[in-house]
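Naming: A, B, ... by sequence-line order, numbering from 1 per chain.
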Amino acid sequence: MDLLKNLNDNQKEAVLHTDGPLLILAGAGSGKTRVITHRIAHLIANGVKPYHIFAVTFTNKAAEEMRNRVMSIVGPQGSSVFVKTFHSAAVYILRRFGEDIGLTRNFTIYDGGDQEDVIKRILISMRLDPKKVKPSMISSKISEIKDKEAYLEGVDVNSLLPDNYSFNFSEIFSQYQQKMAENNALDFNDLLCKTVDLVRKSPSALAEMQRMWRYFMIDEYQDTNYSQYLIAKYLSSATKNICVVGDDDQSIYSWRGADIRNILNFEKDYDTTKVITLEENYRSTKQILDAAHSIIKHNETRKEKDIKAFRGDGEPLTWCKTNNEYGEGEFVVNTIVSLKSKENFKNHDFAVFYRTNAQSRIFEDFLRRERLPYRIIGGQKFYERKEIKDILAYLKFLVNPADSIALFRIINTPARGIGKASQDRISEIAKEQNISEWKVIQDELMTGRVPKGLDDFRKIIDKLLKETVQIPSRIKLSAFMKNLVDVTGYRESLREENTMESNSRIDNIDELINSIFDYEQSEPDATPEQFIQDIALYTSEQNPEENPDEKTDCITLMTVHNAKGLEFPVVFLTGMEEGTIPHKFSLDTEQGIEEERRLCYVGITRAMDRIYLTNAELRRSYAGPENKMPSRFIDEMPWEFINRVSYVSQGYGGGESSFRSSYSNNENRQYVANRTGNPVQSQSQSQFQSKPKESYLDELFAEKKIESDESGSKFSVKESIMHPKFGTGRIVSIEGTGDNIKLTISFGVTRRVFMEKYTPLQKLN
DNA sequence: CTCACGCTCTTTTTT
DNA sequence: AGAGCGTGAG
């Protein structure tokens, strides 16, 4: 049988074991996804209908990849396999059966930001200062409670609530729950909890789901929380055909309620469980695996496993100590440049990992400077931008006019003269008469001084509400949204502002409309409700128009958390410092340290051929510069596994001279000359304290950019200039000499190349 | 009511 | 280093 051809014995066994509970303990790089997809294909080949198969993973990216890989094996019928994330599966279930537990079909999903808006309003109504009692802290507490086993098992909520606060947490919690119900909204936790509620309270819904789905596959099982555990258990209880896949060493979400006991106790839960262990690693070289193992074996609470390297020895791990985060950025980018030229690596072969999103900026700056294309996974998300949230709030509100958070977001955006005072009065009237805020506006129930803009707002919304019901049958969603941006005056107000920022906001809105257009192509029958729900859960990609098929050859930047499940030929695991990895908030407990260690393990085991660990001895944060010790995890590796290197950037922190923000793209901060008045050299110097083993490293930093002095240019890198046509700009790089000097100049986000000889540039300093 | 300026606080990781 | 927020003037 063709399906089994490229599988090892254990993998084959996992694919062939189709009925009854199956636990696959799959170490990093052991071909886990391959087993899952082949198992699905095998089921289908043996007569199981694709729509009887239910498979969930953790991220949209992983789900998408799984679906594509299944389809590449079994063809178009693979599209009827139910492959989703837990949260999107819950949305599907609740949309279909939620009425059984009193939900309406058009409920709204609140993300973390919306949640905090709700909490903030509650705090203010309780006369608490949102600056002292932080909404983010309350929301994470609420979330923590909803993750708890006790909460789902019906233990009195009051006994779960923290009572050692100076304020009344229990009151906040109950108001929050009430407000969510009023707004017809569910938060991320509710999606799972309500699904549990549904399968428990509605036997008919459960029975129908059990008829619909007969084979279950749960990926990343070590990261499931209690509600996810229950959902899997209830749904699969009729057939017991449940296959879970996981690796206790890669459990990195305990802070979000993931309970490692789910995987450790699986055998107890299902007494006929078959256990298969996949220990052959096909991804990484032996050197990489040995280094990773030497770290993870320091964890006390884990199952020891013997991961075998299928590939050969390879290159040793490189640890580079750098003086500060600029040195770190330079080292990473220089290494990429060098590896590309010497070993034919492509951009998409490289990934840069970091612990916190804030660390990405420096790498971005250096990559931009070298004009290397990159993409960021996660981070500042497209859908979290103000203008996108504003526009989507309009749509959210139109779909669910009970959503008061959305209403108050849009009522005075753009400014219509409906200020805080008016908004408060609307709320009051709504409360008195026990009706929704929108009803107050719609029926013109406001007494006393009514702001003129309110009438405009009412008319705009009334008209849009009538149109909304005609989507998608008579009006296309993309056309509707395009019109919405105009008739609400949103576009016009940005256009009037006419700043760099407002123009880029307009671009983002256009991009949103483009992405809606794309969405329409794949989901022509989608209602606005569906669209809203899809994007509420779809947050993994920063940029909606970026194709997932990676046609563009980019370097990837992301947090280690986001890297789980992925692999790259060359990986940089940066910020290997005490306080960063392990993070300073995790240092208090042994469990915290162990999770950080697993994080480190996940990072290293993403690498196929090369892995670089870097640390900065001085790192700047908002609190000022901090001295950092190398991470304890580096010490946990034997010396012979490590190729030690160090790199010093000339930027700040070198002792002499002032701090130079050489690579900031902030146009206001230009350090064109140092104290002696000489042009700043853009090229930093490197020093190796020990000799690198790899020859390419010897030459790595010998490459010199042509400096202005050498080229004979009148200008120097980073100097500000005035161009007669393009206005003020900044020299990014200088190439060539004499009559052949080419200047690359950035004007805001756009860049242009000029021949110095022919271009009348004016110096600006 | 709006706008502009300046002050403060921020940062763990994500569905 | 930057976003969000409050304050005070118009």
Side-chain angles (χ1 to χ4, degrees), chain A residues 56-63 84-91 109-113 115-116 120 129-132 134-137 139-140 143 146-147 186-192 220 223-225 227-228 251-258 325 353-362 365 377-381 384-386 412 414-423 449 451-453 493 497 501 535-540 558-564 575 579-587 592 595-596 598-599 602-603 619-624 626 659 661 664-666 668-669:
Chain A
V56 284
T57 64
F58 263 74
T59 63
N60 294 293
K61 226 181 165 48
K84 289 194 181 285
T85 64
F86 258 112
H87 289 82
S88 60
V91 170
I109 299 165
Y110 277 7
D111 65 18
Q115 235 182 106
E116 283 174 29
K120 202 163 148 196
D129 182 358
K131 271 191 156 165
K132 295 198 179 100
K134 292 210 203 75
S136 60
M137 172 264 182
S139 98
S140 72
S143 178
K146 291 182 176 179
D147 278 333
L186 300 180
D187 63 30
F188 283 136
N189 291 296
D190 292 338
L191 294 174
L192 303 173
E220 308 283 8
D223 284 329
T224 49
N225 65 19
S227 54
Q228 292 164 329
S251 160
I252 53 176
Y253 283 103
S254 69
W255 50 273
R256 176 177 111 177
E325 68 269 32
F353 301 158
Y354 33 79
R355 177 65 231 264
T356 64
N357 285 304
Q359 286 164 258
S360 73
R361 229 201 66 239
I362 305 249
D365 286 349
I377 306 293
Q380 158 58 282
K381 284 171 201 113
E384 280 167 18
R385 288 165 202 237
K386 184 186 177 309
N412 203 30
R416 299 185 176 93
I418 310 168
K420 197 182 167 306
S422 309
Q423 293 180 25
R449 216 188 82 211
K452 192 190 164 299
S493 84
E497 212 179 301
E501 199 198 344
I535 55 172
L537 296 174
Y538 197 85
T539 52
S540 72
M558 62 182 136
T559 62
V560 193
H561 280 90
N562 264 317
K564 199 163 70 155
T580 311
I581 309 180
H583 196 271
K584 56 170 177 269
F585 293 168
S586 305
L587 296 175
E595 181 145 320
E596 297 288 317
R598 290 193 290 270
L599 202 53
V602 167
R619 192 176 285 281
R620 257 179 119 77
S621 68
Y622 67 89
E626 270 184 287
F659 168 58
S661 172
S664 163
N665 58 351
N666 182 340
N668 297 324
R669 303 189 74 233

Taking any heavy-atom pair under 4.0 Å as a contact, classify A:Thr57: base, sugar-phosphate, or nothing. nothing
Which comes earlier along DNA chain B counting from the 5' end, the contact point of A:Ser422 or that of A:Lys584, where each point is its nearest nucleotide? A:Ser422
Give a yes/no on whether any side-chain N or O of A:Asn189 is located under 4.0 angstrom from OP1 or OP2 of B:dT15. no
Which whole number of Å gives the distance between the C1' atom of C:dG6 and that of B:dT11? 23 Å
If the cut-off is 4.0 Å, is A:Asn357 near the phosphate of B:dT14, judged by side-chain N/O to OP1 or OP2? yes
Stacking between A:Tyr253 and the base of B:dT13 (centre distance under 5.5 Å, interplanar angle under 30°)? no
Holding to side chain to side chain donor-acceptor pair (under 3.5 Å), I want the full list of residues that pass it with A:Thr57, two or more places apart in sequence or in another chain. none
When you check the phosphate oxygens OP1 and OP2 of B:dT13, does a side-chain N or O of A:Asn562 lie under 4.0 Å from one of them? no
Side chain to side chain contact (heavy atoms under 4.5 Å, CB included) involving A:Gln115 - partner list, sequence neighbours excluded: A:Ser139, A:Tyr176, A:Asp187
Among residues at least two apart in sequence or on other chains, which ones pass side chain to side chain contact (heavy atoms under 4.5 Å, CB included) with A:Ser136? A:Glu116, A:Lys134
Using the side chain to side chain donor-acceptor pair (under 3.5 Å) criterion, which residues pair with A:Thr356? Sequence neighbours excluded. A:Gln359
Check: A:Phe86 and A:Glu220 side chains under 4.5 Å, non-hydrogen atoms: no
Identify whether any heavy atom of A:Lys134 sits under 4.0 Å from a base atom; if not, whether one sits that close to sugar-phosphate; answer base, sugar-phosphate or nothing. sugar-phosphate
Choosing from B:dT15, B:dT13, B:dT11, which nucleotide comes nearest the side chain of A:Ala358? B:dT11
Contact check, side chains of A:Trp255 and A:Glu595, non-hydrogen atoms, under 4.5 Å: yes
Measure all distances between protein nitrogen or oxygen atoms and nitrogen or oxygen atoms of nucleotides 2-7 of chain B, and list the pairs falling under 3.5 Å.
{"from": "B:dT2", "atom 1": "OP1", "to": "A:Gly417", "atom 2": "N", "distance (Å)": "2.9"}

Please examine the side chains of A:Arg256 and A:Asn225, heavy atoms only from C-beta on, and report whether any two atoms are closer than 4.5 Å. no
Pairwise side-chain contact, A:Tyr110 with A:Asp190, heavy-atom cut-off 4.5 Å (strictly under): no
Contacts under 3.5 Å, N or O only, protein and nucleotides 5-9 of chain C:
{"from": "C:dC5", "atom 1": "OP1", "to": "A:Lys120", "atom 2": "NZ", "distance (Å)": "2.9"}

